[in-house]
Amino acid sequence: MIFLKKSSTWLMKTGKSAKMKKIIIYSEISNGKFDNVTYELASKAYSLKQKALELKEIDYVFDVTIVAIGPSLQAESVASAYCSGVDNIVLLKNEDIKPFELSKYADIFLKYYLENPSDIILFPATPFGRMLAPRITTLLDTGLVADCTDLDFILNKNNEIKLAPTRPTFGEELMATIVSKSTPECATIRPGTFEADFSKNVSGTYIEHKINSEKISNIMLLRSYKEEKSDKPDFSRANIILAAGMGLASKDNSYFEKLKNLAKRLNVGYAVTRKVVDSKIESSDYQIGQTGSSANPDLYIAFGISGAIQHISGMKNSKTVIAINTNKNAPIFKYSDYKIVADAKEVLDDVLKYI
Amino acid sequence: MEIVVCIKQVPDVDDIKWTKENNLDRSQMLSKLNLYDEYALDWGVKFKNQFKDAHLTVISMGPKQAQDTLDYALAKGATRAILLTDKLFSGSDTIVTAKILSRAIKKYVPDFDLILCGQMAQDGDTAQVPVSIAQLLNIDDIENVVEIMNADKNQVLVSQKIDDTINIFEVSTPILLAIKAEAKESYIPRINDYIRAQGTLIEKYDAKDLDFNKVEVGVLGSPTMVYKAFRNEINKDTVEIEYDFSEKIIDLINENRKKR
């Protein structure tokens, strides 16, 4: 294995040499290209690096390296990565690794890492990243903060930089900033959290290592296919969603059907809460919430939905929310632009008179 | 066939109570079996029932109250229940939880063929514990499993769903599967099942039984710690509409229909 020689200039604010903080961004490659989240993380790492430079009380220099495993990397992707602010790019070249051989990925990464350790490793919180990262951090016997939606650093008592990622927990109701006592400090970051900024002009190094893994995988892929388009509603395309909660329940539960038919007639989305699914009134295909789908329509009308957190987490990014509930203190009202304290069944009957 | 299902008792996410300081008031909240763990348990019971000599061990780490969850699992069809409980375990993060669970599996169910976990816990959402358990036991894992088509002592046929892609894998045991979707058959235990379950003693083990010292587990042993916790402020100017104004809804529907 070739050793990485650092070539970039060390910026110094005092006469002493600055402390180096090495960051690895683990990147997925598909068809020789980085995913956009790579650039998002690179841009964020760059801005943290700038923030550290501006702080008087510390003298730190960040060194940011993208590490990827795969057969090849396209030149444009490499160029874009430098533009988003990374110092180094390392490709751990492996021609025949398959995407589901996670223990092999972890093994290859570990072989590289043991000779090129870092202070921080950031992973994308993609499905792949979330499957790989815990394998790597477990091998390194270090902590891992999952699915973060913010990234910063704090200074500890000794004026040392500590990574401080923030993540939503408890159905996104509670936010927690979590620090690590062990090194490397690691986190998976949700794609789309940061903006990719290609305005940097960092000239960096590019290195390829050929690394093989002797690990034997017990997994054989028999078939892989895209799921057939079913009748399952696609909430991402609906600009209006009419959503039903248990406030629409009645003896014959006809109000759910009424709302569904109205949605069909208007060609808009129809959704329900988990309680409606649990009560066997509607199939889980229509469920919005933590364990169902998410939606961010222009208009979300909640008929008789109280606003359990797991439901809120699936619809809170809607632009305009109208909620109808008999309980004037229903939690859904906190997330609503318009609040109607009334029986959702009566309101629905009224709406049907007009439309 | 030896099946292990790891389960967790979680606070009911539909019934969150907060303290004045915006912390979760766990003492005021109901606890229940984590939804995805219930899926894992149902799949486990299904395949246990297909083989005469199959066993299904449920393992949970948690306070004494987690016994309720284990009783429920026994009533559903588990044949053995293990509770890992110790004050020292409290505050364990994902890697430490995985260390405790994997050491217990190694020690008490060493001949396991299949380990089933829920894809994630509803309270934590990390999805990290199953992967860490697999790594610590040095076995492969399949995450995001939506269906187990077949399973026996040697081989498992599973379907994994990632975004809208379905992957069908054939894997040889031992293997860990993290389950994301409910089993087609879910058995709701009846009184008689609970009575039968009472005949099975829940085995309890603590840190000492698992050869952990106090700096290895719990808050002390966990590499990550919460630096601060806060709730997002909601700043919506909610307008209350008097009830006879359902025209407002109609106006908004019509306005938004034109947009796309």
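Remember, predicted model here, so these are calculated numbers, not experimental data. Within every chain, numbering begins at 1; the chains are lettered A, B, ... in the order of the sequence lines, protein sequences first and strands thereafter.
For chain A, the nearby parts of B:A134 are the backbone and the side chain; heavy atoms of each come within less than 4.5 Å. In this structure, no portion of B:S159 lies under 4.5 Å from any heavy atom of chain A. Only the side chain of B:I95 comes within contact range of chain A, with heavy atoms under 4.5 Å apart. Both the backbone and the side chain of A:D141 have a heavy atom closer than 4.5 Å to some heavy atom of chain B. When heavy atoms are compared at a cutoff of 4.5 Å, B:I139 approaches chain A solely by way of its backbone atoms N, CA, C and O. Interface remark: B:N138 contributes side-chain atoms only to the contact with chain A (heavy atom separation under 4.5 Å). In this structure, chain B has a heavy atom under 4.5 Å from the backbone of A:T137, while its side chain stays farther away. For A:K215, the part sitting under 4.5 Å from any heavy atom of chain B is the side chain, from C-beta outward, and nothing else. Heavy atoms closer than 4.5 Å to chain A are found nowhere in B:K180, neither backbone nor side chain. For A:I219, the parts lying near chain B are the backbone and the side chain together; criterion is any non-hydrogen pair under 4.5 Å. For a residue to count as touching a neighbouring chain, one of its non-hydrogen atoms must lie under 4.5 Å from one of that chain's; by this rule B:N167 touches chain A with backbone and side chain alike. Contacts of A:I301 with chain B are made by side-chain atoms alone, with heavy-atom separations under 4.5 Å and no backbone atom involved.
Here the side chain of B:Q135 pairs no donor or acceptor atom with the backbone of A:L139 at under 3.5 angstrom. With B:T224 contributing its side chain and A:V179 its backbone, the two residues share no donor-acceptor pair below 3.5 Å. Judged by distance alone, with hydrogens and angles left aside, the side-chain atoms of B:D140 form a donor-acceptor pair with the main-chain N or O of A:N218 at under 3.5 Å. Judged by distance alone, with hydrogens and angles left aside, the side-chain atoms of A:T169 form a donor-acceptor pair with the main-chain N or O of B:D123 at under 3.5 Å. Between the side chain of A:K226 and the backbone N or O of B:D164, no donor-acceptor pair lies under 3.5 Å. The closest donor-acceptor contact from the side chain of B:T165 to the backbone of A:Y225 lies at 3.5 Å or more, if one exists at all.
Here the CD atom belonging to B:E170 is positioned 14.0 Å from the CZ atom belonging to A:R223, to the nearest 0.5 angstrom. Interatomic distance, A:T177 OG1 to B:F230 CZ, rounded to the nearest 0.5 Å: 4.5 Å. To the nearest 0.5 Å, atom CG of residue A:N239 and atom CG of residue B:N256 are 6.5 Å apart. Atom CG of B:D251 sits about 10.0 Å away from atom OH of A:Y354, to the nearest 0.5 Å.
Nearest approach of A:A146 to B:Q128, heavy atoms of both residues: CB-OE1, 3.1 Å. B:F169 approaches A:L221 most closely through the heavy-atom pair CE2-CD1, 3.3 Å. Heavy-atom minimum distance, B:L220 versus A:K181: O-NZ, 3.5 Å. Heavy-atom minimum distance, B:T238 versus A:F333: OG1-O, 3.2 Å.
Per-residue heavy-atom pair counts under 4.5 Å with chain B were compared for A:D343, A:L266, A:N267, and the maximum is reached by A:L266. The greatest number of non-hydrogen atom pairs below 4.5 Å with chain B, out of A:T183, A:L144, A:I355, A:L132, is found for A:L144. The most heavy-atom pairs under 4.5 Å with chain A, out of B:D141, B:V131, B:I166, come from B:I166. Ranked by non-hydrogen atom pairs under 4.5 Å with chain B, the options A:P134, A:S182, A:P127, A:A106 are led by A:P134. Contact count versus chain B (heavy atoms, under 4.5 Å) is highest, among A:A342, A:S180, A:S336, for A:S336. For the set B:T94, B:D93, B:L252, B:I162, the entry with the most heavy-atom pairs within less than 4.5 Å of chain A is B:L252.
Residues passing the salt bridge (Lys or Arg N to Asp or Glu O under 4.0 Å) test with A:R130, sequence neighbours excluded: A:D147.
The shortest distance between side-chain heavy atoms of B:M225 and A:I178 does not fall below 4.5 Å. You'll find the side chain of B:Y227 reaches within 4.5 Å of the side chain of A:I154, heavy atoms only. Looking at heavy atoms from C-beta onward, B:V239 lies out of side-chain contact with A:D337 at the 4.5 angstrom threshold.
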Candidate pair A:L222 and B:L157, rule side chain to side chain contact (heavy atoms under 4.5 Å, CB included), full reasoning: CA-CA 9 Å; A:L222 300 182; B:L157 189 66; 3.5 Å; yes

Criterion side chain to side chain contact (heavy atoms under 4.5 Å, CB included) on A:R167 and B:D125, from CA distance to verdict: CA-CA 10 Å; A:R167 67 180 304 262; B:D125 284 354; 3.9 Å; yes

Chi angles and distances behind the side chain to side chain contact (heavy atoms under 4.5 Å, CB included) call for A:S224, B:I168: CA-CA 6 Å; A:S224 181; B:I168 313 283; over 6 Å; no

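The number of heavy-atom neighbours closer than 6.0 Å to NZ of B:K153, taken from other residues, nucleotides and ligands shown, is above 12.
Residues of residues 98-105 of chain A lying under 4.5 angstrom from chain B, judged on non-hydrogen atoms, are A:F100, A:S103 by number.
The closest side-chain donor-acceptor pair between B:S132 and A:T138 falls under 3.5 angstrom.
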